[in-house]
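Report on one structure; see the data block that follows.
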2 protein chains.
Amino acid sequence: MSERDTERSVSQTVRAQLALRDMILSGTLRPGERISELQAVEITSVSRTPVRLALVRLEDEGLLQAIPSGGFMVKAFSERDILDSIELRGTLEGLAARFAAERGASARNLEPLKECLSDLDQLVRQDPISVEAFSAYVTMNARFHALLTDLSGSAPVIRQIDRVSAMPFASPSAFVMAQSALPEAHNILLIGQEHHRIVVDAIENREGARAEAVMREHARLAVRNLRLALRNRTHLDLLPALALLTSAPTD
Amino acid sequence: MSERDTERSVSQTVRAQLALRDMILSGTLRPGERISELQAVEITSVSRTPVRLALVRLEDEGLLQAIPSGGFMVKAFSERDILDSIELRGTLEGLAARFAAERGASARNLEPLKECLSDLDQLVRQDPISVEAFSAYVTMNARFHALLTDLSGSAPVIRQIDRVSAMPFASPSAFVMAQSALPEAHNILLIGQEHHRIVVDAIENREGARAEAVMREHARLAVRNLRLALRNRTHLDLLPALALLTSAPTD
DNA sequence: AAACCGATTTATGTATACTTAATTTGGCAA
DNA sequence: TTGCCAAATTAAGTATACATAAATCGGTTT
């Protein structure tokens with residue numbers, strides 16, 4: 001192994017993966033740029049075997065794209081891709097919500113979600129909202145979406161949602177942060193929270209169609225707002241992975 | 001490299017991946033069974049480096065599951081998982097259809113789909129349908145779904161659909177084959193074809209909501225029929241990857 | 001001057017030796 | 001007899017040497 005471990009107890013593979021991902025998300029490696037194994041080895045100071053694994057994992061994750069002739073390139077995303085990913089997640093979460101409503105979702109299972117909902121209520125009630133409260137909201141909102149996904153009880157659905165959410169710009173947190181700079185930010189939060197309330201209610205009452213519909217509306221709102229936010233990119237410091245963005249605004 | 005190549009021009013990694021997948025799908029490796037790198041090396045006569053890559057790829061594909069302590073196990077699927085995967089694909093295809101309707105989908109782009117549709121028409125018109133025609137139908141149906149997916153023009157959506165369809169029991173072909181032994185098989189084909197016709201019409205007329213609705217109905221029908229088919233498994237010789245199935249019937 | 005062919009270089013694919021970690025087994029002590 | 005600790009074995013993680021294929025550069029020929 002190398003002379004000294006900067007981070008003990010973390011595998012070389014993971015270390016390389018993290019380092020490369022950071023460089024991609026921070027824009028040090030630009031979209032479209034080719035990255036060979038050897039470069040990755042130099043960059044990460046990790047030998048070829050774990051580096052290769054890291055590259056494959058990043059390809060799987062969607063941040064890299066394999067080049068037929070060998071090697072990888074940093075994947076580029078259009079604004080359309082980003083918006084579609086949000087809509088995609090919303091559609092999947094809609095399915096999850098419907099499954100949650102139609103199946104199990106016993107009172108006991110629902111408890112954590114309802115707790116999370118009331119926590120969110122507390123946070124969103126403040127106006128203006130403090131920085132700490134907003135930060136807590138981001139975390140709690142992510143938790144809400146994760147709990148909802150799990151409530152579906154469907155492994156294939158959970159898997160797909162996790163995959164989509166893993167995209168740095170498609171996670172619930174990313175969206176909330178991205179739209180936080182809009183003038184009507186607090187209103188958006190309130191409307192979103194209303195959606196949360198309705199979906200929990202619908203699940204509790206076994207109204208699958210309603211649960212699904214509200215999650216999709218939730219996503220449609222997100223897409224609309226994110227499109228607005230993308231118009232004036234000055235507000236977007238908070239959107240992770242803006243470095244991956246390439247093309248011009250859509251519409 | 002090894003003494004002699006059984007298949008020239010194919011990489012060891014790919015060879016290992018194919019060999020392992022075959023063994024998983026054929027049931028030689030049983031669900032839940034642990035498979036270590038060394039076993040995989042013995043089985044495939046490929047050295048550790050490409051074998052490991054093959055294992056990672058198969059994990060990504062969803063056929064294997066990484067064990068925290070190291071190694072992999074063959075993933076087991078319940079009937080619920082299979083049915084959910086079909087519904088999942090239908091939901092995603094619904095989104096794809098809506099995107100296709102709402103966006104581009106110019107007359108020129110629609111041409112291949114309409115051609116495919118009329119090919120399917122020809123095939124489904126026969127009653128009773130010949131073995132060759134049925135086989136052609138399976139292929140053409142897969143093509144139809146692929147064309148529809150592509151028409152969405154949304155890379156993230158296409159990617160997810162491809163992932164789900166890659167599951168051996170969730171591909172359009174798998175479904176058609178699985179329900180082919182039901183008594184009402186030909187009727188099911190006719191209804192499915194009606195759905196195909198409607199979705200193309202809806203896309204052509206830019207009716208996004210209708211396009212989406214019919215694809216979801218298409219999937220709901222599929223789930224219903226597949227559930228029936230799963231009841232009497234004697235009919236299921238044609239369902240690929242039945243070897244992955246573990247639990248008892250749902251409901 | 002341009003095009004093609006060959007040689008050299010560079011990068012990926014593969015095999016394997018080595019290292020570290022985990023699991024299992026055997027022995028000893030309570 | 002049982003439980004725990006230590007030693008040994010086995011497997012995963014890593015580094016690297018080797019092989020092969022692709023790409024580039026230079027030279028020669030037309």
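Below, chain A is the first sequence line, B the second, and so on; all start at residue 1.
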- Item | Touch class at under 4.0 angstrom, heavy-atom based, for A:Thr49 against every strand present | base
- Query: Closest approach of B:Ala170 and B:Val164, non-hydrogen atoms and distance?
  - Reply: CB-O, 3.4 Å
- In whole angstroms, the gap separating C1' of C:dA11 from CD of A:Gln39 amounts to 11 Å
- Message: Just N and O in the side chain of A:Ser69: are any of them under 4.0 Å from OP1 or OP2 of C:dT12?
- Response: no
- Note on the structure: The complete set of salt bridge (charged side-chain N to carboxylate O under 4.0 Å, His left out) pairs with one or both residues in residues 137-149 of chain B, sequence neighbours excluded, reads none
- Query: Does B:Arg57 come within less than 4.0 Å of B:Glu61, counting only side-chain N to carboxylate O?
  - Reply: no
Would you be so kind as to tabulate the donor-acceptor pairs closer than 3.5 Å made by side chains of residues 149-156 of chain A, with sequence neighbours excluded?
unit_1   : atom_1 : unit_2   : atom_2 : d
A:Thr149 : OG1    : A:His145 : O      : 2.8
A:Ser152 : OG     : A:Thr149 : O      : 2.8
A:Ser152 : OG     : A:Ser154 : N      : 3.2
A:Ser154 : OG     : B:Asp84  : OD2    : 2.6

- Phosphate OP1/OP2 of D:dT10: any B:Ser36 side-chain N/O under 4.0 Å: no
- Task: Establish, with yes or no, whether the OP1 or OP2 oxygen of D:dA23 is under 4.0 angstrom from a side-chain nitrogen or oxygen of A:Arg34.
- Result: no
- Query: What integer distance in Å separates A:Gln17:CD from D:dT14:P?
  - Reply: 12 Å
- Message: Without decimals, in angstroms, what is the distance between A:Leu53 CG and C:dT14 P?
- Response: 14 Å
- Message: Classify A:Leu38 by what it touches in the nucleic acid, base, sugar-phosphate, or nothing, heavy-atom distance under 4.0 Å.
- Response: base
- Query: Separation of B:Arg48 atom CZ from D:dG13 atom P, in whole Å?
  - Reply: 8 Å
- Between atom CD in B:Gln12 and atom C1' in D:dA21, what is the gap in whole Å? 14 Å
- Message: What is the separation between atom CZ on B:Arg15 and atom C1' on C:dT14, rounded to the nearest whole Å?
- Response: 12 Å
- Taken to the nearest whole Å, CD/A:Glu42 to P/D:dA15 is 15 Å
- In whole angstroms, how far is the P atom of C:dT16 from the CD atom of B:Glu37? 15 Å
